[in-house]
Number of protein chains: 2
Amino acid sequence: MNPQPSSTVTIRDVALAAGVHVSTVSRALNPDKRSLISAEVLKVVEEAARKLGYRPNRAASALRTGRTHTIGVLVPDITNPVFPPILQGIEASAAARGYFVFVTNVVDHALARPIVERMLAQRVDGLVLAIATRDDPLVDYIGKAGLQAVLVNRADETGRLPAVVSDDRLAMKLAVDHLVSLGHRRIAHLAGPQNVPTGVGRRQGVEQALRDRGLELASVEECEGYSREAGRAAMQRLLDVYERPQAVVCCNDLVALGAYDVLRERGIRVPQDISITGHNDMPLVDMVNPPLTTIRLPHRELGWRAAEMLFDGIEGRAPSAFTVVLRPELVVRESTRDVAGEL
Amino acid sequence: MNPQPSSTVTIRDVALAAGVHVSTVSRALNPDKRSLISAEVLKVVEEAARKLGYRPNRAASALRTGRTHTIGVLVPDITNPVFPPILQGIEASAAARGYFVFVTNVVDHALARPIVERMLAQRVDGLVLAIATRDDPLVDYIGKAGLQAVLVNRADETGRLPAVVSDDRLAMKLAVDHLVSLGHRRIAHLAGPQNVPTGVGRRQGVEQALRDRGLELASVEECEGYSREAGRAAMQRLLDVYERPQAVVCCNDLVALGAYDVLRERGIRVPQDISITGHNDMPLVDMVNPPLTTIRLPHRELGWRAAEMLFDGIEGRAPSAFTVVLRPELVVRESTRDVAGEL
DNA sequence: GTGAAAGCGCTAACAG
DNA sequence: CTGTTAGCGCTTTCAC
């Protein structure tokens with residue numbers, strides 16, 4: 001009575017058991033074509049399929065239809081806490097549509113191309129890229145291969161691929177406006193790598209927001225990466241080279257924590273002596289000392305929207321937008337302090 | 001000259017271009033059968049394949065051979081920071097062997113079965129499960145379906161499936177021994193859910209380690225989950241019901257942070273008034289206030305080893321072990337304090 | 001060492 | 001509404 005372990009139950013077996021032709025079974029089991037089948041036959045087929053524990057072979061269907069119901073996702077480092085929620089959003093969208101998600105960790109950017117080639121061999125229906133650097137030849141390659149793809153968390157400036165991003169400039173404006181409203185004037189920036197779009201966008205955001213308030217950037221240092229270690233190094237340079245700023249807008253939380261490290265070593269107190277802001281609101285930054293004022297991104301929604309756009313493309317629907325820009329929000333904690341009353 | 005975008009380059013096209021039969025191409029491009037082909041023909045075929053940008057269609061090969069070169073991974077919550085490094089280990093092993101990894105987030109345990117069924121339909125070659133609860137019918141189902149599978153981070157007590165785990169008892173012994181050596185005697189435990197193996201194992205580990213030192217558990221509360229919120233609730237109960245302990249061994253870091261929350265609210269200082277230990281050494285617990293003394297697990301290796309075992313099984317090699325137990329290590333920070341000199 | 005031929009399980013014209 | 005037929009691209013006996 002129990003459904004069999006499937007192993008080798010094919011559409012043929014079901015057809016035999018139901019006393020109909022295989023194509024009838026195929027139609028009966030395909031939601032889109034079910035309507036072509038009489039209610040009577042439908043029942044018999046479904047019953048037979050159920051009894052035998054039939055499970056359509058996706059590999060066979062993929063060969064025939066060219067659609068595998070799989071997508072690939074490339075992330076630079078899955079242990080970076082911004083990516084899990086993005087993946088979760090992607091996977092939730094995929095699961096809801098009956099797709100599976102190949103997740104790959106692109107440790108070294110040179111490996112991205114071979115990974116995409118392997119995905120092509122696997123005949124994925126589309127790709128979500130969380131890794132494109134500025135002006136990436138990979139984007140060209142994907143375009144030429146005629147593959148559906150969406151970028152997430154990084155836009156393609158040349159507009160070849162649709163993208164879902166958070167508004168980096170707005171994010172930095174929120175941070176700067178917050179600091180200015182607290183009375184800060186000498187504001188520095190620990191910038192992200194200037195060869196990735198987010199690094200550039202956030203830096204421009206800081207500069208523009210400052211300009212809007214009639215101020216200019218006190219000083220800036222570029223980090224080699226979005227890591228605590230890079231933040232530490234950059235903060236050291238910032239303090240060694242320039243006059244100490246009243247506040248530092250960091251390109252992300254990890255960098256801000258690296259800045260914390262340096263400040264603690266040098267006996268500079270946050271926020272009494274200097275205010276710090278981050279970006280991402282990664283888990284536990286509300287638990288560090290002091291709790292970090294930062295920018296919260298809708299990471300899960302970023303992933304979800306990217307996946308939805310991808311599926312729209314795959315299923316031939318016109319995408320509703322080419323670039324989707326989501327709104328970040330400011331989360332005020334204790335790493336920023338009001339200095340308006342002081343001279 | 002540039003390799004074509006593949007789209008429709010098949011083995012036939014290569015055969016035609018090389019002036020040989022398709023089966024020759026198939027052999028030439030299969031590392032295991034390459035030796036059957038003359039060096040001369042080999043060169044011609046490889047050249048043709050390269051020139052055309054040929055990319056073997058895995059869906060076709062899967063249909064023919066029954067092997068898809070894909071595995072599935074089920075995790076309960078990818079945003080829980082223990083899982084990304086495990087996934088990273090799995091993915092690294094898979095990539096090295098030319099496999100892809102389907103990652104799924106099993107939000108609700110009732111969804112696990114349908115997900116496994118869809119994976120079966122997708123004809124994955126094997127499964128890594130990070131989700132089994134004690135005595136899970138899913139394990140039976142997988143066994144019956146004849147699917148290769150390995151558990152990670154959770155053992156199957158009935159021994160039906162191979163597993164890679166960290167030594168939970170040893171972990172707790174490390175924590176307890178550390179606290180005892182600091183002079184603590186009244187030691188409590190915030191236990192994990194007793195319907196998952198790790199919850200039970202860690203609790204037993206605490207009790208045994210205490211017994212080994214001639215002590216007994218001062219008090220214990222069970223958390224509803226491995227979350228900060230659950231830790232908060234359990235810590236509240238612990239303080240409300242029992243005499244305040246000198247130290248609390250927590251079943252994991254999130255729970256320990258929940259305990260921090262309660263202690264802070266009640267003005268009980270860590271570590272001056274009470275020592276706290278965690279488990280997992282998740283990112284940033286070295287940055288919280290105070291930095292958490294905890295147990296570090298080899299998460300990445302857990303994933304790697306699980307994947308390696310799975311591939312051994314898939315490729316017909318006898319697995320080198322049925323259960324692999326990895327060693328955790330103690331990381332001492334500032335949430336535990338020496339009280340030996342005090343009365 | 002290479003070619004011929006069959007078929008993995010499924011879907012999609014095309015008939016009827 | 002259902003059956004017939006062909007074939008997706010690849011691998012693998014079986015011949016020669």
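In what follows, chains are A, B, ... by sequence order, proteins preceding strands, each numbered from 1.
Atom OG in A/S166 sits 10.5 Å away from atom CD in A/E301 (nearest 0.5 Å).
Non-hydrogen atoms lying under 4.0 Å from DNA chain D are contributed by nothing in residues 12-22 of chain B. Using a 4.0 Å cutoff on non-hydrogen atoms, the parts of residues 27-36 of chain B near DNA chain C are B/R27, B/L36, ordered by number. Scanning residues 56-72 of chain A for heavy-atom distances under 4.0 Å to DNA chain C yields A/P56, A/N57, A/A60, A/S61, A/R64, A/T65.
When side chains are defined from C-beta on, B/N153 does not count as touching B/V165, because their heavy atoms never get closer than 4.5 Å. Side-chain contact between B/R160 and B/D140 is present, with at least one heavy-atom pair separated by less than 4.5 Å. Put simply, the side chain of B/E91 does not reach to within 4.5 Å of the side chain of B/Q88, judged on heavy atoms. Using a 4.5 Å heavy-atom cutoff, the side chains of B/L151 and B/V164 are not in contact. Taking the side chain as every heavy atom from C-beta outward, B/V101 and B/T70 never approach each other to under 4.5 Å.
In the helix from C/dG1-D/dC16 to C/dG16-D/dC1, the rotation axis of the first five pairs and that of the last five pairs differ in direction by 30°, rounded to 10 degrees.
Base contact: A/S23 has a heavy atom under 4.0 Å from a base atom.
For A/S26, there are no side chain to side chain donor-acceptor pair (under 3.5 Å) partners at least two apart in sequence or on another chain. Listed by chain and number, the residues in a ring-ring contact (aromatic ring centres under 6.0 Å, His included) with B/F311 are B/Y99 (sequence neighbours excluded).
Between the side chains of A/Y54 and A/T10, not a single donor N or O lies within less than 3.5 Å of an accepting N or O.
The neighbour count for A/R97 CZ, taken as heavy atoms of other residues, nucleotides or ligands under 6.0 Å away, is above 12.
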Let me see the working for B/E308 and B/R305 under salt bridge (Lys or Arg N to Asp or Glu O under 4.0 Å), right down to the final yes or no. CA-CA 5 Å; B/E308 292 287 311; B/R305 296 285 285 267; over 6 Å; no

Stepwise salt bridge (Lys or Arg N to Asp or Glu O under 4.0 Å) test for B/E46 and B/R34: CA-CA 11 Å; B/E46 283 175 340; B/R34 194 201 305 284; 3.0 Å; yes

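Of the side-chain N and O atoms in A/T24, one or more sit less than 4.0 angstrom from OP1 or OP2 of D/dG3.
When each of A/L36, A/I37, A/V14, A/I11 is paired with A/T24, the side-chain contact (heavy atoms from CB on, under 4.5 Å) condition holds for A/I37 and for no other.
The nearest whole Å value for the distance from the OH atom in A/Y54 to the P atom in C/dG9 is 10 Å.
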